[in-house]
Amino acid sequence: MAITVLAIIRLHNLVAVVMLSGFYSLLAATLFVVLDAVDVAFTEAAVGAGISTILLLGTLALTTQHEKIRALPRFPLVLVAVTGIALIYGTADMPAFGDPDSPIHEHVAPRYIHDSAEEIGLPNIVTSVLASYRGYDTLGEVTVIFTAGIGILTLLGIRRWRSRKPATGQSQGNGTGDAPGGDAT
Amino acid sequence: MDFEIHPGLYNYAVVVMLMMAGLYIVITRGNLVKKIVGLNVFQASVFVLYITMGKIIGGTAPILEDGFKVYSNPLPHVLILTAIVVGVATTALGLALVVRIREAYGTIEEDEIQRQDESR
Amino acid sequence: MTESSVREGGVRSSNMVLRVVCKLLIPFIMLFALYVQFHGDYGPGGGFQAGVIFSAAIILYGLIFGVHNAMRVAPPKVVRVLIAAGVLLYAGTGVASLLLGANFLDYDVLGHEAVEGQHLGILLIEFGVGTTVAAVMTTIYFAFASRQR
């Protein structure tokens with residue numbers, strides 16, 4: 001993941017950057033499987049590596065594919081380094097990785113794990129917590145997605161298909177992974 | 001100063017590194033699409049932070065099954081699961097704004113947009 | 001579709017594999033989305049993932065066969081209604097439990113016994129979540145793709 005991120009920082013070709021960010025999401029998804037979060041890994045693989053890559057490529061097709069190369073100032077690097085060191089210093093007080101006695105495992109989680117079988121009767125605890133114990137949260141999040149959808153409809157709108165020229169359906173594929181066929185025309 | 005990094009805390013160091021890489025992209029790059037990619041990197045590092053906190057050594061995925069006693073904490077999973085989908089919806093909103101900026105200014109480079117604003 | 005394949009001749013034939021494989025895959029992607037939707041109570045999965053996978057099937061169709069064909073499959077007007085319908089189904093489940101005398105989004109009263117009510121409630125709201133997510137993702141794709149010059 002670190003190498004991918006460094007490559008994202010260095011590269012100026014935005015198509016390559018977008019592809020690498022999809023790869024980064026896929027790596028994150030495999031990491032989530034290793035960390036026992038199968039539901040999250042599933043979502044990350046479908047959303048991060050699939051949908052958001054397509055959306056970024058769609059944006060590139062509408063805008064430009066190359067970043068302007070400019071001189072990089074030194075100051076942000078120092079700033080970021082200082083922030084990073086401060087944050088790592090802050091983690092010294094955090095519970096160790098995988099420690100079953102850390103505070104996060106002693107609040108509501110034991111109740112979810114022990115009682116959800118009787119109260120909800122579903123094997124997948126993530127679903128029980130998502131839909132029942134934290135139903136309000138999820139309702140709010142669905143509303144956020146709803147609002148984002150409305151916002152995009154307001155900003156961009158869906159244009160009806162106009163048959164200006166027969167190749168328009170083809171130009172759709174140009175920026176989004178169909179490049180060899182599109183270029184050959 | 002008694003500052004030393006405990007070997008069990010390396011996961012936080014990894015998260016901080018990824019987070020700072022994302023922050024660096026957001027600060028230094030003028031290209032708006034790349035800024036959004038940087039935000040995504042930052043966001044994914046936060047996801048990793050939450051999921052690593054929920055992990056218990058020797059635990060298994062939080063799906064009830066006979067024969068398992070120790071499960072990872074399901075709460076961070078729920079929070080991050082919804083955060084990922086909300087994240088992609090807001091990313092799409094940002095990209096829509098980028099497309100509109102490109103249509104209004106003809107560029108997606110931050111300094112060129114500012115120059116156009118000043119000369120107006 | 002046919003006129004472009006005639007016009008481009010040999011170039012199209014290289015995409016023949018892509019088209020046939022996609023036509024073959026899309027029903028299975030949709031079926032998998034439904035499996036994830038309704039089996040989410042037992043294995044990994046649920047409304048969020050199912051919605052994304054279902055919209056991925058429509059997006060794949062749009063990428064291969066052009067966005068106007070995808071719009072014929074999933075008309076934007078219908079999709080727009082579905083965005084709101086999902087949220088309404090979710091909130092409506094909450095209101096239903098409210099009317100039956102329990103707290104908002106407390107599914108215990110929806111069935112004859114508490115566990116049964118919980119199952120029904122979770123199934124309903126997961127379906128609402130899946131509908132909204134699928135519709136929003138499809139709408140976002142349509143909005144971006146239909147702008148292409």
Side-chain angles (χ1 to χ4, degrees), chain A residues 1-2 5 8-9 14 17 21 24 28 31-32 35-40 43-44 47 51-52 55 59-60 62-64 67-68 70 72 76 80 83-84 87-89 91-92 94 96-98 100 104-105 108-109 112-113 117 123-126 129-130 134 138 141 144-145 148 151-152 155-156, chain B residues 3 5-6 8-9 11-13 16-18 20-21 23-25 27-28 30-31 33-34 37 40-41 44 47-48 51-57 59-65 71-75 77-78 80-82 84-86 88-93 95-100 102 108-109:
Chain A
M1 277 173 98
V5 172
I8 291 177
I9 297 179
L14 289 175
V17 167
S21 84
Y24 174 79
L31 185 65
F32 292 152
L35 292 172
D36 292 340
V38 278
D39 281 275
V40 182
T43 320
E44 178 73 35
V47 168
I51 304 282
S52 69
L55 289 179
T59 314
L60 291 188
L62 289 171
T63 55
T64 176
E67 184 186 13
K68 202 175 84 177
R70 55 167 69 76
L72 288 176
V80 167
T83 317
L87 283 176
I88 291 179
Y89 178 69
T91 63
M94 296 285 277
F97 172 70
I104 186 174
H105 302 306
V108 286
Y112 292 153
I113 290 171
N124 190 350
I125 309 175
V126 173
V129 176
L130 179 98
R134 299 199 153 245
T138 314
E141 263 136 12
V144 170
I145 295 168
I152 285 164
L155 280 170
L156 294 180
Chain B
F3 176 60
I5 292 184
H6 191 270
L9 296 175
N11 60 322
Y12 300 113
V16 168
M17 208 222 86
L18 291 177
M20 288 306 115
L23 184 63
Y24 181 71
I25 297 176
I27 295 179
T28 54
N31 187 298
V33 172
K34 198 147 177 187
V37 172
N40 274 341
V41 170
F47 298 160
V48 174
I51 299 298
T52 54
M53 287 202 295
K55 165 81 178 167
I56 296 179
I57 296 269
T60 181
I63 296 173
L64 294 174
E65 192 80 46
Y71 297 101
S72 287
N73 194 335
L75 191 55
H77 298 184
V78 174
I80 296 310
L81 176 69
T82 48
I84 289 174
V85 182
V86 169
V88 78
T90 47
T91 301
L93 196 62
L95 289 173
L97 280 172
V98 171
V99 170
R100 288 307 293 252
R102 158 84 180 190
I108 54 168
E109 301 288 338

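Quick note on labels: first sequence line is chain A, next is B, and so on, each numbered from 1. Keep in mind that this is a model prediction, so the values were computed, not measured.
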Contact part of A:Leu130 toward chain B, heavy-atom cut-off under 4.5 Å: side chain, backbone, both or neither? both
What part of B:Val16 lies closer than 4.5 angstrom to a heavy atom of chain A: side chain, backbone, both or neither? side chain
Side chain, backbone, both or neither of B:Ile25 within contact of chain A (heavy atoms, under 4.5 Å): side chain
Is the closest side-chain heavy-atom distance between B:Thr82 and A:Arg134 below 4.5 Å? no
Just jot down the salt bridge (Lys or Arg N to Asp or Glu O under 4.0 Å) partners of B:Glu109, sequence neighbours excluded, or say none. A:Arg70
Heavy-atom pair count under 4.5 Å with chain A, highest-scoring of B:Leu75, B:Val99, B:Val41, B:Leu81: B:Val41
Under 4.5 Å between any side-chain heavy atoms of B:Leu18 and A:Tyr24, yes or no? yes
Specify the closest pair of heavy atoms between B:Ala89 and A:Ile152, including all atoms of both residues, with the distance to one decimal. O-CD1, 4.4 Å
Which atoms of B:Ile108 approach chain A - backbone, side chain, both or neither, heavy atom under 4.5 Å: side chain
Highest number of heavy-atom pairs under 4.5 Å with chain A among B:Ile51, B:Ile27, B:Val88 belongs to B:Ile51
Residues A:Asp36 and B:His77: closest non-hydrogen pair is O-CE1, 3.5 Å
Less than 4.5 Å apart, any side-chain heavy atom of A:Ser21 and any of B:Asn40? no
Considering only heavy atoms from C-beta outward, does the side chain of B:Arg102 approach that of A:Leu62 to under 4.5 Å? no
List the residues meeting side-chain hydrogen bond (donor to acceptor under 3.5 Å, both in side chains) with A:Ser52, not counting sequence neighbours, and say none if there are none. none
Which atoms of B:Leu93 come close to chain A, meaning under 4.5 Å heavy atom to heavy atom: side chain ones, backbone ones, both, or neither? both
Applying a strict 4.5 Å limit to non-hydrogen atoms, the region of A:Val40 in contact with chain B is both
Examine whether an atom of B:Thr91 lies under 4.5 Å from a heavy atom of chain A, and if so say whether it belongs to the side chain, the backbone or both; otherwise answer neither. neither
Top of B:Val85, B:Val86, B:Ile80 for chain A proximity - count of heavy-atom pairs under 4.5 angstrom: B:Val86
With chain A, which of B:Leu23, B:Thr28, B:Val37 has the greatest number of heavy-atom pairs at distances under 4.5 Å? B:Val37
Looking only at A:Ile51, A:Leu14, A:Asp39, the option with the highest number of non-hydrogen pairs under 4.5 Å against chain B is A:Leu14
